[in-house]
Amino acid sequence: MKTNIIYIFADQWRYHAMGCAHQDQAVTPNIDDFAQESLCFENAYSTFPLCTPHRGSLMTGKYPFSLGLWTNCKIGLEEKLMLKPQEICIGNVLQSAGYHTAYIGKWHLDTPEQNFTSHPESGAVNWDAYTPPGERRQGFAYWLSYGACDDHLNPHYWADSPKQICPGKWSAEYETDKALEYLEEHKNDDTPFAMFVSYNPPHLPYELVPKRYYEKFQDLKIEWRPNVPEKKRTPKMEIIARQYFAAVYGIDEQFGRILKYLRENKMEENTLVVLSADHGEMLGSHGLMSKNVWYEESIHIPLMMRQKNRIQPGKSEVLFASPDHMPTILELLNLPVPDTCEGISHSASVLGIEEIEPECMFLCSYPGSPESVSVFAKVGQTHKAHGWRGIKTKENTYVITNGYMPEDKQIEYLYDDKKDPWQLHPQIIERNCQEPTVLKLRKLLREYLDMLKDPFLWEKKRDDTD
């Protein structure tokens, strides 16, 4: 009998926001219990900590730049970014292998309809999009999804017509309702199923969380991370932190419903369950909110895998990057990995077999606003040569940033993540630095840039007077 798979990931949920991580004040009893039964990857990171780029990597096993996904699918860009139908995605492979396939929740891999018409039949506005049946669904047969919309308390979805489905309940709860309906429909099938569920919370707007979850945290005294500056420790920020933890608590409850169903229907041994996120949330660390920066709070994500009596519970220290999800999952399902995949399969580690671990992983971000793209074009430059690129090892985070405007100076950083886990004291690297660690990291970064044909402007942007 083939193994089923349920892959669940939450948007903007950082590694630290789990009870079992013993860092944030998150309350996650179901996730904590799941962690005890799972292999937990302690070094899972979002290669490009932004929705569309990570999701593209998850679906294809390729790096975001290889997919042309250098920012979110959005309006206002000359390039109409989307996950191209020609890409070989995990849904395509699973469907070809005979799986029932399903996608529920946020997609954010299709170009917004308002790039083409101001009044689409579907009613999609701003970054949102209805993805019609066909090749743009990338092999997912059952479809209940939307492009990008953050109204968590009043969500909408599309199935197989442009008519919106408006359930009038918290998005994660409704998506779990539909996931359970799907499981009930397929639990006795001889054909295996593959279901992906993408929760939007705890993504902002932070305040759009059911009252029943917020009440648990409304009087919580926030214990700030040491890298949250005093100026950020305001009453308003305390409320936001409580709302964030409340949303995570709600996600935990909904995830628990799925776990309960699997347990009661004796599906825990023939179902691989993966729990993860697309990127993290700064929540005031380093004075920042949201994501798309190289700090731990932004790039470090949860990743757990469970299949009872097959995957030994425990912890893995292997570096796990965004493009690694697809090849790892396919090998765990005994399916061939397409040659198009650029990521590394860690299926050996999952099954308790020693693997040759990668010594590092690539990190990246590109200027993505229409305004920044236009500014670079006016001075005859490509925005894709800017932003930041980096290398993550188990010991260090190494980053070169060109900034997001042509006049920004290039800066090279090295963080010792073991001695300085809060990343408060980076080494600013001089151009003529010859430290062995720096030279090695520079070499590793150059290899990634060359492999991906990334146009990042490196040494030419340095100020020779430094």
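Here the structure is a predicted model, which means the values were calculated and not measured. Residues take their numbers from the sequence shown, with the count starting at 1.
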Under the 3.5 angstrom rule, does the side chain of [X] hit a backbone N or O of [Y] as a donor-acceptor pair?
{"X": "Ser145", "Y": "Gly105", "result": "yes"}
{"X": "Asp252", "Y": "Val248", "result": "no"}
{"X": "Gln95", "Y": "Thr101", "result": "no"}
{"X": "Asn115", "Y": "Lys74", "result": "yes"}
{"X": "Gln164", "Y": "Ser122", "result": "yes"}
{"X": "His152", "Y": "His203", "result": "yes"}
{"X": "Thr47", "Y": "Ser322", "result": "yes"}
{"X": "Ser38", "Y": "Cys40", "result": "no"}
{"X": "Thr131", "Y": "Arg136", "result": "no"}
{"X": "Ser298", "Y": "Val293", "result": "yes"}

### Message
I'd like to know if Asp278 and Lys291 make a salt bridge, using a cut-off of under 4.0 Å between side-chain N and carboxylate O.
### Response
no
### Task
Could you tell me whether Glu173 and Arg212 have a side-chain N and a carboxylate O separated by less than 4.0 Å?
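Salt bridge flag = yes for Arg212 with Glu173.
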Measure from the ring center of [X] to the ring center of [Y] and say whether it is less than 6.0 Å.
{"X": "Trp388", "Y": "Tyr366", "result": "no"}
{"X": "Tyr130", "Y": "Tyr146", "result": "no"}
{"X": "Phe255", "Y": "Tyr199", "result": "no"}
{"X": "His325", "Y": "Phe320", "result": "yes"}
{"X": "Tyr103", "Y": "Trp107", "result": "yes"}
{"X": "His54", "Y": "His279", "result": "no"}
{"X": "His386", "Y": "Tyr404", "result": "no"}

### Task
Kindly indicate whether the side chain of Tyr448, heavy atoms from C-beta on, has any atom under 4.5 Å from the side chain of Cys360.
yes
### Query
In Å and rounded to the nearest 0.5 Å, what is the CZ to CZ distance from Arg389 to Phe362?
6.0 Å
### Query
Say you draw a straight line from CH2 of Trp143 to CH2 of Trp158; how long is it, rounded to the nearest 0.5 Å?
11.5 Å
### Arg242: partners by side chain to side chain donor-acceptor pair (under 3.5 Å), with sequence neighbours left out
Glu238
### Message
Tell me every residue that passes side chain to side chain donor-acceptor pair (under 3.5 Å) with Lys384, counting only those two or more places apart in sequence or in another chain.
### Response
Glu79
#### Entry: Modelled atom types, side-chain donor and acceptor of Ser171 and Asn200, under 3.5 Å
no
Suppose the criterion is salt bridge (charged side-chain N to carboxylate O under 4.0 Å, His left out): which pairs have a residue in [range], not counting sequence neighbours?
{"range": "residues 183-199", "result": "Glu184-Lys187"}
{"range": "residues 4-16", "result": "Asp11-Arg55, Asp11-Lys106, Arg14-Asp24"}
{"range": "residues 308-325", "result": "Glu37-Lys308, Glu268-Lys308"}
{"range": "residues 363-377", "result": "none"}

### Query
Taking the six-membered ring of Phe65, is NZ or CZ of Lys453 closer than 6.0 Å to its centre and within 45° of its axis?
no
### Task
Could you tell me whether Arg137 sits above the aromatic face of Tyr142, with NZ or CZ closer than 6.0 angstrom to the six-membered ring centre and within 45 degrees of the axis?
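Checked: cation-pi criterion not met.
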Under the salt bridge (charged side-chain N to carboxylate O under 4.0 Å, His left out) test, residues paired with [X] that sit two or more places apart:
{"X": "Glu355", "result": "none"}
{"X": "Lys232", "result": "none"}
{"X": "Asp450", "result": "Arg446"}
{"X": "Glu447", "result": "Lys443"}

### Message
According to side-chain contact (heavy atoms from CB on, under 4.5 Å), who are the partners of Val373, at least two apart in sequence or on a separate chain?
### Response
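Listed in chain order: Trp70, Leu77, His383.
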Enumerate, atom names and distances included, each donor-acceptor pair closer than 3.5 Å involving a side-chain atom of residues 80-91, sequence neighbours excluded.
residue : atom : partner : partner atom : Å
Lys80   : NZ   : Glu78   : O            : 3.4
Lys84   : NZ   : Leu67   : O            : 3.4
Glu87   : OE1  : Lys62   : NZ           : 3.1

### Query
For Phe193 and His100, what are the C-alpha separation, side-chain angles and deciding distance, and is it a ring-ring contact (aromatic ring centres under 6.0 Å, His included)?
CA-CA 4 Å; Phe193 63 80; His100 289 299; 8.5 Å; no
### Task
Decide yes or no on side chain to side chain contact (heavy atoms under 4.5 Å, CB included) for Asn43 and Tyr45, but give the supporting numbers first.
CA-CA 6 Å; Asn43 289 312; Tyr45 292 91; 3.7 Å; yes
